[in-house]
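One-based numbering, in listed order, for ligands and for the atoms of each. Any value given below was found using the heavy atoms of this structure, including those in side chains, with hydrogens, waters and symmetry copies removed.
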Amino acid sequence: MNALSKDLKNVVRDYENNLRDIVNKDSHRLKFHLMPTVGWLNDPNGLCEFNGEYHVFYQYSPFNENGGIKFWGHYTSKDFINWENKGTDLFSDEPFDCHGAYSGSTLVDDGKMNIFYTGNVKNIGDYDYINDGKEQNTILIISEDGKNFDNKKLIITNKDYPSNLTCHVRDPKVFKDDDKFYMVQGARDKDDVGQVILFESDDLINWKYINTIKSEEKFGYMWECPDLISIDDKNILLISPQGVEEDGIKYNNIYQSGYYFIEGDYKSTDYKLSDFEEIDRGFDFYAPQTFKDSSGRTILIGWMGLPDIEGLYSNPTVEYKWQHALTIPRQLKVKDNRLLQSPIEELKNLRKNKKEFKNIDTLEDECYDVFETEIDFKNKINFKMVVKEGATLEYSKDTNLFSLYFDETGYGRTKRSCYLEDIKNIRVFLDTSSIEIFINDGEEVFTSRFYPENQKGIKISGENLDVKIYELDGFNIL
Ligand code: FRU
């Protein structure tokens, strides 16, 4: 850690301590989600399991609840319930990352954490910051213990990226395949076509560009936060594209997050991407990242928020000097050419009191403040559920449309929808100011913030439903 980082670590800690009381007065602080201590949070970064502990880093701007210079905040946990807040562990303190330690990933190899991230630099001058004026450096930090993050090594610079690209190349995600290392980065080319570039390495230090992965037709001008994963021998490319036009009930957010299945060999030109599928239909989901844990699960965490939403919708938490959170961790599976997301098993350990209702058509219950509800459907029916008097979930068996909509508790969030051929089960996680809905074993997911004040309870109407409601504990964060 250089001298500047040492000072910054103390400055951030003092700043957090000064504002902690204001932040903690906010009744919208979440109970079972990771949040910034103060200020702004965005993408999850560097997710991994290392020496029996899960590490969750995140883009952190402590000094500005509307986003500012980006550092990496850090949480660890052994069980996804009890967490340690490690504070801020990565600062933008070198000439090659002086305008932000942007997003990146961690590869655990040979008993070490290898952290790769983008060092953002904005040169001072009259630049458009698309074609010039911006450096997006790829930086490596090797940590032996997951606690000390010394010695940044600059490994790739703009001149190493293909010459048809703009300056927008970032968010390295590194993985190992057949004893070789690979890195995907998100990019925008000079024709404003979003794409992913692929590098190969034998030693994690020297990298060679080997391929570009893009859709046959342009799909947005920039692809952020790529992740290339393999589940049950299927290769899947996750991306967060920008510049995709709204199409009916599809692509309704300012930016999207979704995935392609890759057929063929992505290391050569002999590959084909499937149709793009949105991974989440809610108002607040972006820049997800995955990692494989030691039991082989692929676990995804997303940013429960979006950039550039000013004028569209808002978060009243900014009055209390903080904004945004991470989603609950979800396990990914593949079924019938779809990616399914289900909350990781460990979250069942948050369950406390339980209420159970069998074969009901309607239900009105005071419920709990923070809870999970599971509903099983026996036939395809019309269904409506209102949560905390502010969020409505509705399904029509005639149109097949499932919608989530809000009243003023949505702070500008209106309605999001998807089509479902049938409705078999729903699991909903309600924190003080968030809702995450998993439909049909996670075939569709809606993630959103909303801000009920004193509104409570749950109202359901349907037919022959089995409903379970669990009161949930919060995370224990030290
Ligand atoms: C996605 C993103 C990344 C970038 C980071 C900066 O939300 O724009 O592309 O690395 O955020 O905070």
Side-chain angles (χ1 to χ4, degrees), residues 36 39-47 56-74 88-92 96-106 115-122 129-130 134-141 156 158 161 165-174 183-189 192 194-197 220-228 237-244 253-258 279-280 283-290 300-310 312 315 323-327 447:
W40 162 280
L41 166 152
N42 58 297
D43 317 353
N45 290 155
L47 306 180
V56 174
F57 298 88
Y58 59 91
Q59 289 283 284
Y60 185 28
S61 287
F63 305 132
N64 188 341
E65 61 279 7
N66 288 307
I69 186 90
K70 301 288 163 63
F71 304 150
W72 280 32
H74 186 193
T88 315
D89 268 332
L90 215 160
F91 297 89
S92 52
F96 50 71
D97 67 4
C98 60
H99 291 96
Y102 273 15
S103 284
S105 61
T106 289
I115 300 180
F116 298 85
Y117 71 97
T118 300
N120 185 50
V121 178
K122 258 178 125 173
Y129 299 109
I130 297 171
K134 196 175 175 73
E135 288 171 37
Q136 303 248 272
N137 298 304
T138 307
I139 297 152
L140 166 65
I141 299 176
I156 310 176
N158 285 37
Y161 303 129
L165 299 182
T166 63
C167 310
H168 286 259
V169 179
R170 58 177 167 269
D171 310 333
K173 176 84 196 306
V174 174
M183 176 194 287
V184 280
Q185 298 232 28
R188 166 177 185 164
D189 76 9
D192 292 332
Q195 54 202 271
V196 161
I197 53 173
Y221 59 80
M222 170 71 191
W223 289 3
E224 294 193 310
C225 299
D227 197 349
L228 206 160
L237 178 67
L238 288 95
I239 55 160
S240 292
Q242 302 189 318
V244 176
N253 287 345
I254 177 143
Y255 306 131
Q256 273 52 58
S257 282
I279 196 161
D280 196 290
F283 288 88
D284 295 274
F285 187 90
Y286 195 62
Q289 188 179 89
T290 71
L300 173 145
I301 297 177
W303 170 21
M304 192 155 63
L306 272 169
D308 306 330
I309 55 162
E310 297 77 26
L312 299 170
N315 300 303
Q323 198 171 188
H324 301 309
L326 299 179
T327 67
T447 301

>> Against F285, only a single residue in T327, N253, L306 fulfils side-chain contact (heavy atoms from CB on, under 4.5 Å); can you say which?
In response: T327
> Which ligand 1 atoms, with their elements, are less than 4.0 angstrom from a heavy-atom of S103?
Replying inline: 5 (C), 10 (O)
> Nearest protein heavy atom to atom 7 (O) of ligand 1, by residue and atom, and its distance?
Replying inline: D43 OD1, 2.8 Å
> Of the choices D171, N120, D308, which has the non-hydrogen atom that lies closest to atom 4 (C) of ligand 1?
Replying inline: D171
>> With nothing but distance in play, are any N or O atoms of N42 less than 3.5 Å from an N or O of ligand 1?
In response: yes
>> Students often mix this up, so state it plainly: with edges at 30° and 60°, are the rings of F71 and F63 parallel, tilted or perpendicular?
In response: perpendicular
>> Does the plane of the ring in W40 sit parallel, tilted or perpendicular to the ring in W303? Use 30° and 60° as the thresholds.
In response: perpendicular
> Cut-off 3.5 Å, side chains only: do Q185 and D171 have a donor facing an acceptor?
Replying inline: no
> Measuring from N45:CG to I115:CD1, what's the distance to the nearest 0.5 Å?
Replying inline: 9.5 Å
> Going through the distances and angles, do L300 and I279 end up as a side chain to side chain contact (heavy atoms under 4.5 Å, CB included)?
Replying inline: CA-CA 11 Å; L300 173 145; I279 196 161; 3.8 Å; yes
> Got the closest protein heavy atom to atom 8 (O) of ligand 1, with its distance?
Replying inline: E224 OE2, 2.8 Å
>> Looking only at distances, can you tell me whether any N or O atom of Y102, backbone or side chain, sits closer than 3.5 Å to an N or O atom of ligand 1?
In response: no
>> Checking side-chain polar atoms at under 3.5 Å, does Y161 have a donor or acceptor matched by the opposite partner on T138?
In response: yes
> Looking at K70, which atoms of ligand 1 are within less than 4.0 Å of one of its heavy atoms?
Replying inline: 12 (O)
>> Among all protein heavy atoms in this structure, tell me which lies nearest to atom 12 (O) of ligand 1, with the distance rounded to 0.1 Å.
In response: Q59 OE1, 2.6 Å
> Y286 to ligand 1: N or O pair under 3.5 Å?
Replying inline: no
